[in-house]
Amino acid sequence: MSRACKVLNVAEKPSVAKEISKILSNNNVRYSQSCARYNGLHYFAYNANGTHYDMVFTSVLGHLMELEFDSRYKKWRGCSPAELYNAAVSKRVPPDKQDVQRNLEQQARGCQKLVLWLDCDREGENIAFEVIEVCKHVNPRLDVRRARFSALIPRDLHTAMNNLILPNQHDANAVDARQEIDLRIGASFTRFQTLLLQDRFDWSTMDLGDVEKPIISYGPCQFPTLGLVVQRAWEIEAHVSEPFWYIHVSYKAPKEPKACDFTWDRARLFDHPAATMLYEICVENPRATVLKVEGRERKRWPPFPLSTLEMQKKATMYLRMPGERIMKLAEELYQAGFISYPRTETDIFAQGFDLQAMAGEHTQDARWGRHAQAIVDGSMWLRPRGGGHDDKAHPPIHPTKYSAGENDWAQDKKRLYEFIVRSFLAACSKPAIGFETTVRIAMADEGFHTSGLMVQERNWLEVYPFTGWGGNDNLPPLQEGQQFLPADLLLKQGATQPPPRLSERDLIALMESFGIGTDATVADHIQKQLDRGYVHKDSNLTFWPSDLGQALVGAYRRMDLENLWLPDLRGKIEQNITAVARGARTKEAVLQEAVQAFHADFLAAQQKQGLLEAEVALRFRRGLIPPEFPPSLTACVVCDATLQALLAACGPSSRPQAAANGGNAPRPPPAPPGGGRRGCTARGGGRQPPPGPGWQSRRHGAGNVGGNDDDSDDNDNGWPGPSQSTQSARGAQARGRGRGIAATRARGRARGSFAQGLGASQGSGALPRCPMHGLEVLHLTSNTAANPGRCYYKCAHPSEGHACLRFKWVDEWDAEMGNSSAGGRHGNLGRGGGRQAGRGQAGNRGCGHSAAAGRGQENWGAHGNSFASATGHPAGGGGACFKCGVPGHFARDCPNA
DNA sequence: GCAAGGTC
């Protein structure tokens, strides 16, 4: 007699191991604990294809391994974030999963065969290979097989066991690629953003809870999600309401209490004279004739069985709970055995489910028992329709045990359980039936209509109080050919509305349509937006992006790196991954292509980091408040003089730096290269023109958006990079003279400057006044190599507890000082500097959309109601500011308000 | 301290 074959079976989670064991063994299982806390062992015997198997069934907890960088790349400051695109990565079992690993190893040693019962999707296939790696490590001779099943029902499971196959390497590879892409771009951009911004701003003004220094994370699901919220907000802000007119007719039958309203067949007209004319014709001939009375039976079908996302979308709306809380409560209900597995894409019940028996568990309930009984006895029963989705691993969410509400359940938990039960019972019910009547009338050749609905059988609606059928039940009895005079005949005015603010239901639906996240993670991604302070939720439970959220999206827009946040980012990654899963492309090829592309985007973003700082600074009205002058910031904006020279030259209006700065005098700068720094005479006197390759060249760099892209040493990013030297900037300016745009720009700036503006605004050697407090500026410095384009100034106002110490962009300062030359940040993009020029022009301060403008996409459209209409992508252009009516900036940045 | 995906 041959010995039985010992088989190790592994499922993705303990509940599935238990369920499959129960079914395969015909309820003849022995259970014991293992060294893994949640992953017990189920023992039973099984016969397949004439072989006797000793089965031990255990489980893992989702992924066993995590992808991580090699240790030298783990420290945030230990390497440049850009290195993370080439850094070595490896898969390891994290500490909290090592007991799961040990359990597998112990069982694998004594078995001849390994059967993988992981969920039949890509992630499941990948987890299968993780399990194989661990088991084969201790038992290389293991015979490895995969069980493929469609549902946890006896027929499918026995078939799977008798038809074992090999695991699918393509699917597993696709997941490996996704993991690596996600890790490299997530970690690199998160470190980049966080290290750049974390210490530069006063985050106390933001609603970040107890967090003093935020983590400004980036993720290929996080940013597209943020993008959806920002897009909607910007569409709403850009909406320009348009008036329209419509004819309102109502009729009141003699003994009816309420009048019945008719809708104009033309709905509405945007042309007032035309609407008035038609209205006047009606007024002259107000007798209406009933043209047609039509009646027909209507059915309203019950909802499909609940998938995870449907549960979230509906429950967040009907119960007004965040998706994240819904998932947490559903998980608790599942673990306590009251509902089925809550993470499922399936919205159709497999044939093997005895749904009427499940309904039978609920007949005792005072609230829905009678309806459940009607399903059991067949008078209400109709097999649920399916929505066409099946993840082949889990049934739709349904109650598995009756409860009237346990004592320790919070109110929300009771409401969610009730929702799940009612949804299930509704899905198993007959459709509602009604009779709809439509009446069409004519008045002076204008058509109007109305309809009424009589609900005849409520059926599923009886057990599902979350929605009604609506309709109009006060339709008067009208006959064809009948004539009447209207109770009301009015010309009414309306106005177009912006799109609604984004609700959680809408956001989940949008994420689903763009393939952002999975059923199990969508709620987490939304929660992360809130936790990171990118998005806020208002009292109506709708989302609005924070200043930070808008700045992040705005910055990548201005960098021309829109693919980093547009909603289809995730979908594009998924597309490529799917090619790997199909076997059409290799993992290596897709990985290399993706990593290269994102690496290029990363380098571009790094080069244009000034735009990111600028967007955040502009959104934070208080500006940057550094604890002290950075040691590297040592030169005057005007003349590059050292601070010492500056202080000496500024004469009576200056104060000792140490006194004004809490005693932290900055270090003197290193000796200027080639004697490049000049004395402070120009600014000290304020009368001489500022000859300034020093400043001009910097300004050139600042105004370089969209030009000179063939200059390898010139940043094409609108801001000179930190490493840009005076020398190279000078070179750029010299080259610029020979060209159209660049030369024009250079000349334009030469007409006026930051320095001139200061001089002009004061007309003397004194420093200008602080634009915030009107007080004398004690100190002013900017445009150093380390902080290009920036300007720090102080006045005596004790607003910050000592002295007002503020940060501004040089051209922002220029504009506030009335310096007409300030075109620095936007270069040749039509940005008017100064107060006069700035008004009425596209792209004034804070317009933040120079990238689009620079590509000649300033066609905002007549009404600009949609960003999409202007530039072809949803947030690609802009509309007119709704405060001042001038296009090119958002109302919140309105310079004219 | 970072992603997203499993799951408890």
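Each chain gets a letter, A, B and so on, in the order the sequences are listed, and its residues count up from 1.
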Taking any heavy-atom pair under 4.0 Å as a contact, classify A/E68: base, sugar-phosphate, or nothing. nothing

Taking only the side-chain heavy atoms of A/R191 (C-beta and beyond), determine which of B/dA3, B/dT7, B/dC2 contains the nearest atom. B/dC2

Applying a 4.0 Å non-hydrogen cut-off, can you work out what A/R184 is touching in the nucleic acid: base, sugar-phosphate, or nothing? nothing

Distance below 4.0 Å between A/H63 side-chain N/O and B/dA4 OP1 or OP2: no

From B/dG5, B/dG1, B/dA3, nucleotide with atom closest to A/T194 side chain: B/dG1

Assign A/R122 to base, sugar-phosphate, or nothing according to its heavy-atom contacts below 4.0 angstrom with the strands shown. nothing

Between B/dG1 and A/K75, is there an OP1 or OP2 to side-chain N/O distance shorter than 4.0 Å? no

Is any side-chain heavy atom of A/V16 closer than 4.5 Å to one of A/W117? no

Nearest to side-chain heavy atoms of A/R343, which nucleotide of B/dA4, B/dG1, B/dT7: B/dT7

Could I get the full list of side chain to side chain contact (heavy atoms under 4.5 Å, CB included) partners for A/T346, not counting sequence neighbours? A/T344, A/I348, A/D390, A/D391, A/P396

On the nucleotide B/dA3, are OP1 or OP2 found under 4.0 Å from the side-chain N or O atoms that A/Q179 carries? no

Is the phosphate of B/dG5 approached by A/T521 (side-chain N or O, under 4.0 Å from OP1 or OP2)? yes

Which nucleotide, B/dA3, B/dT7, B/dG5, lies nearest any side-chain atom of A/C221? B/dG5

With a 4.0 Å cut-off on heavy atoms, is A/K528 in touch with a base, just the backbone sugar-phosphate, or nothing at all? sugar-phosphate

Just call it for A/S188: base, sugar-phosphate, or nothing, with non-hydrogen atoms closer than 4.0 Å on any strand. nothing

Please determine if a side-chain N or O atom of A/Y73 lies less than 4.0 Å away from the OP1 or OP2 oxygen of B/dC2. no

Could you check whether A/G517 gets within reach of a base, just the sugar-phosphate, or nothing at all, counting any heavy atom under 4.0 Å? sugar-phosphate

What nucleic acid atoms does A/Y218 come within less than 4.0 Å of, heavy atoms only: base, sugar-phosphate, or nothing? sugar-phosphate

